[in-house]
Amino acid sequence: MKQYNHSEIEKKWQQEWASARAFETPDTVAGKENSYILFEFPYPSGNLHVGHWYAFALTDIYARFERLRGKNVLFPVGFDAFGLPAENAAIKHGLNPRTWTYQNMDSMRAQMRAMGCTFDWSREVVTCAPEYYKWTQSLFLTLFNAGLVQKKTTTVNWDPVDKTVLANEQVLADGTAERSGALVEQKEMDQWTVSITKYADRLIDDLEPLDWPEAIKDSQRNWIGRSEGAKLTFTLSGSYGSLQVFTTRPDTLYGVTYLVVAPEHELVSVALPALANKDAVEAYITAAKRKTERDRLIGEKEKTGVLLDGVTATHPLTGESLPIYTADYVLKGYGTGAIMAVPAHDERDAAFAEAFGLPVKKVIAPRLVDDRNPHVEGKEVVTRNAVIAVVRNPENDTYLTLHWPAQQWHTFVIGGVEGEEDSVAAALREITEETGYTDVRFVRKLVGPTRSEFFAAHKDVNRIGYFDIHLFELGSLEQKVVAEEEVKKQTYEWVPRSALTTAMTHTEMPFILESLDTGKEFFWSGEGILVNSGEHTGLSSAEAKQRITEAAGGELVSTYKLRDWIVSRQRYWGCPIPIINCPHCGPVAVPEDQLPVVLPEIDDYMPRDDGRSPLAKATEWMQVSCPSCGGNAERETDTLDTFVDSSWYYLRYADAKNEQVFADREKLNAWMPVNFYSGGAEHTTMHLLYARFFNKALFDLGLVPSAEPFTKRLNRGLILGTDGNKMSKSKGNVIDPDTEVARFGADTVRSYLAFIGPYNEPGNYPWDPNGIVGVRRFLERAAAIPEHVVVETPAHVRQLVHQSIKKVAEDAARFKFNTAIAQLMVLTSAICKDGIGKDDAQLVAVILSPFAPHLAEELWQQLGGISLVAHEPWPQYDASLLEQATVIIAVQVNGKVRGQVEASKDATEADVLHAALGQESIQKWVGDTDPKKVIYVPGKLLSIVV
RNA sequence: GCCGGAGUGGCGGAAUGGCAGACGCGCACGACUCAAAAUCGUGUCUCGCAAGGGGUGAGGGUUCGAGUCCCUCCUCCGGCACCA
């Protein structure tokens, strides 16, 4: 066999493509649809790793496939070139960050050319180039002028190692910095913030129609964390004015027994001097301040707090006076930083109320509808207070249950509460009436009130019962004689705990069982029907939310977990913020004609402890006159978060060279929105959210054509080391793609990564050194196809060719490159075994080309193809060739496969059945009886039921 | 705790409700070879000599037929989490 010399072939075709400028994309091509395929541009770390290959080369497979399918494909490339590593290298090794970055980009470009990707280098963007960041600054000012950017004093996440501010998204759950791993501190600083929260609703609502994996959408929804509720105002005593709280449950307003404000809440500092327990409150807030985020997480969830002794609130509906506490379980940053506490229906409030001995008032009854005894239409509806008595005999751990023969009910002792009687007294009365037992002691309440709806057959009415459920213990078996009419209605029986199941007639059973198991009264935090709620009693939660909010003079609002995006960074290697701080005029935008504000060269990149960027050392650069008043002023010395740079790079690709505008509107119209965006899961709540926001803001200003930037998104998986761990230098399990390319060739590396697993679901795949050898063997066989050319393609190979044209296209379209390659393997093996005609072999080169582009070009040329295979159209398959004239049909008898028959592909059920019954192996199972039922799936299967 | 996603051979993984395990790796045997590597071929879920039985995290259900649909549960992964 002729040797498959990958290095020769790959070098040859890479040169051919480059000299033909084969993949530079015009903005429009007559008769072709545009398709914009994007991957996350890399940070120029200096070295291409396997993850880059997985990101770029597999996206390239799709780009090539789209091109073959007749699309005009934009597949651009660039570098996200600002950021800390360059600066850290500068500090550590005394290199200039610019030099370091540009050298890295040079070596990475060389590595990337070896991938055989169809990158359009003519549109390359580099975020640290003034030609690019001029427009980053311009767009920043566009948002500034639109009122979406402000300088604000905020509590920020301060990274004491990198000495810079971090966005919330850059802080891990354990309170450490994502990048440096340092424990993040909270600091008050003046920061540039972008009002992403103004777009919170649209960032959630516009997710719906996007062709994104549900998991990404959900993560974003979670992250934005919208919750719908109400803002309610409580009037305060003395001259303190009022206090606004946020609640998702205004329907529980009658259950409020106290209020809580966060330790940082304004009211605490305002009221402090006059408080009777001033010292205690002061001590508490000092302690709370000292707790970092991490302490709060690791620290016990035990509720702490302290009364604000000297100020009270008035309940807006009942006029009751309510105490106010400060406690750190209420967070300053969420809602209004103050809550109304409803200990009867909120777990946290319940824990606090228990710790502080505060009253609990139930206002919601869960609504239980008995499906087995539903309300009967036309019957009277009678509402009653009622009680269920769970009586336990401690002697043998059995429970007293009743059987109602007429209704087929199985219940505990149950009955109505009469007049002024309380529910415990009513229960004791009913126990004696129904069973005769007299020596019974009340233990505790289990459940209640519940609102239960059922048809009371014994009374012939529709009953709405508000039930209390109590636990009793039997003291002795003492009994009175039970009236005869009661005996007729029901009989009683003692049953063990295990016989109490949800199968009993009470709809409350799950609640009762839970309370028996936990030993605690059943706690209801869900919605239901209002009780003890004045004029609103009897309403459903849903209705009450509106009516009570209205009655209390509040308003229905949404709040979000999403915070505004802090974009200033106190570091050197970033895009300078184009603002001049004037002592008279405040922050003033640098005039558009003075952009870009060029990042000055400095000598010392060390970050400063005072929270200012190293740019503050470039005194000459800093000193300017105010564009507004002409007086002395200073440039802003903070730089922009690199996520700002990457929030719009996909727009620049549409028109990368434009010097008049960030991108020409016509070109944006031609390309936006991006048709397919491939990237890493780590960007789900960062880059993807920022970019969506940025694009929406620009859309609202009429600068981009679509409200959403990315139509389809997939998060790719991770390639692990051969040991199944994440590749890392310290583990010594890093696979160097350059080494693999040298040994096996780029086509093999690409195809191996495509074959390793489905690209449309983000799995983690270990690198298998043997696995890549298998793929290499496949390409060696493919390389030998010209040697197997025969005059006429054998029929079964021809069929396989057309099946492959169809299947590879279908699989590639849904990013199942693994099964597409499996099909190509089957096809190639058949060709090597039985030969193929030249014309058909050319088709094979075309469908192979997205995966192994260099080899495919070589084959194409050897097989007499003209021009480049990369520019061929995807072949049409011949549907008539897909199926054979006769097919093998599986025959099932009673659901088990018992044999096969060969039949024409359009044989009728009767034909196939006849053939099947003629076979001994099937006859054996069918016997003499006539089949009860026969199902025929044409061309596939016959199922006989006997 | 809440919200998503996923559980299939020794491994990566295939399967419009229609013969579970395609394709690849690994392994075994064979061919070629003085020999080895490479290559090619055959076999490879499991119990059973066989006929046949069992099998897709566990248990139930729907169906002529379930990896696939429904219910309950378990485990793993991801996101959020004292979020009112």
Side-chain angles (χ1 to χ4, degrees), chain A residues 1 173 213-227 229-230 245-250 252 260 262 296-297 299-304 327-331 333-342 345-349 351-352 525 559-562 681-682 684-685 715 720 724 751-752 755-758 761-775 777-778 780-781 811 816 818-826 829 832-833 888-900 921 924 931-946:
Chain A
M1 188 204 286
E214 222 26 66
I216 305 182
K217 293 187 192 179
D218 265 306
S219 287
Q220 291 210 349
R221 289 188 194 108
N222 252 331
W223 183 262
I224 297 166
R226 174 163 65 192
S227 61
V245 303
F246 173 73
T247 178
T248 55
R249 296 295 304 273
T252 63
V260 188
R296 282 198 179 192
L297 274 159
E300 274 110 75
K301 300 274 163 95
E302 259 163 45
K303 296 289 176 287
T304 61
D328 67 5
Y329 83 92
V330 173
L331 307 175
Y334 187 76
T336 62
I339 63 151
M340 56 178 228
V342 185
H345 302 291
D346 182 283
E347 305 261 8
R348 295 152 304 179
D349 297 342
F352 189 84
S525 58
T559 58
Y560 308 89
K561 285 191 257 187
L562 183 71
E682 69 276 19
T684 299
T685 54
N715 281 356
L720 307 173
S751 301
Y752 171 62
F755 186 60
I756 203 166
E761 26 187 284
N764 297 332
Y765 308 109
W767 182 277
D768 179 354
N770 292 313
I772 192 168
V773 173
V775 173
R777 277 200 279 262
F778 152 61
E780 281 171 8
R781 280 197 294 275
D811 288 352
K816 298 264 305 177
N818 55 333
T819 50
I821 290 187
Q823 179 69 28
L824 290 168
M825 286 173 166
V826 172
S829 298
C832 291
K833 195 158 166 258
I888 304 291
I889 290 168
V891 181
Q892 292 184 345
V893 180
N894 287 343
K896 294 216 179 294
V897 179
R898 297 299 184 185
Q900 295 180 334
S921 60
K924 180 171 112 186
K932 219 197 290 181
K933 191 169 180 183
V934 176
I935 290 120
Y936 179 56
V937 183
K940 278 204 168 149
L941 177 135
L942 181 78
S943 182
I944 303 168
V945 187
V946 293

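Values reported hereafter were calculated over all heavy atoms of this structure, with side chains retained and with hydrogens, waters and symmetry mates removed. Every chain is numbered from 1, with letters handed out A, B, ... down the list of sequences.
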- Watson-Crick or G-U counterpart of B:rC80, or none if no pair lies under 3.5 Å: B:rG1

- Query: Which nucleotide, in any strand shown, forms a Watson-Crick or G-U wobble pair with B:rG7, with both distances under 3.5 Å?
  - Reply: B:rC74

To the nearest angstrom, how far is [X] atom [atom1] from [N] atom [atom2]?
{"X": "A:Leu941", "N": "B:rA66", "atom1": "CG", "atom2": "P", "result": "12 Å"}
{"X": "A:Leu824", "N": "B:rA22", "atom1": "CG", "atom2": "C1'", "result": "14 Å"}
{"X": "A:Phe778", "N": "B:rC40", "atom1": "CZ", "atom2": "C1'", "result": "18 Å"}
{"X": "A:Tyr560", "N": "B:rA84", "atom1": "OH", "atom2": "P", "result": "13 Å"}
{"X": "A:Lys933", "N": "B:rG65", "atom1": "NZ", "atom2": "C1'", "result": "10 Å"}

Which nucleotide in the set [options] lies at the smallest distance from any side-chain heavy atom of [X]?
{"X": "A:Asp328", "options": "B:rC82, B:rG53, B:rA84", "result": "B:rC82"}
{"X": "A:Val826", "options": "B:rA84, B:rC23, B:rC25", "result": "B:rC23"}
{"X": "A:Lys303", "options": "B:rC25, B:rA84, B:rC82", "result": "B:rC82"}
{"X": "A:Ser943", "options": "B:rC64, B:rG53, B:rA84", "result": "B:rC64"}

Quick one: is [X] getting a side-chain N or O under 4.0 Å of the [N] phosphate, OP1 or OP2?
{"X": "A:Arg777", "N": "B:rC25", "value": "yes"}
{"X": "A:Thr559", "N": "B:rA84", "value": "no"}
{"X": "A:Lys561", "N": "B:rC83", "value": "no"}
{"X": "A:Arg348", "N": "B:rA81", "value": "no"}

- Query: Would you call B:rG9 syn or anti, using the 90° rule around 0?
  - Reply: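 Classified syn.
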
Pull out every protein N or O sitting under 3.5 Å from an N or O of nucleotides 31-33 of chain B, one pair per line with the distance.
none

- Between the side-chain atoms of A:Gln892 and the base atoms of B:rG18, is any donor-acceptor pair under 3.5 Å? yes

At a cut-off of 3.5 Å, list every protein nitrogen or oxygen paired with a nitrogen or oxygen from nucleotides 41-48 of chain B, distance to 0.1 Å.
none

Give me, pair by pair, the N or O atoms of the protein and of nucleotides 3-14 of chain B that are less than 3.5 Å apart, along with how far apart they are.
{"unit_1": "B:rG12", "atom_1": "O2'", "unit_2": "A:Ile756", "atom_2": "O", "d": "2.5"}
{"unit_1": "B:rG13", "atom_1": "O3'", "unit_2": "A:Asn818", "atom_2": "ND2", "d": "3.2"}
{"unit_1": "B:rA14", "atom_1": "OP1", "unit_2": "A:Lys816", "atom_2": "NZ", "d": "2.9"}
{"unit_1": "B:rA14", "atom_1": "OP1", "unit_2": "A:Asn818", "atom_2": "ND2", "d": "3.1"}

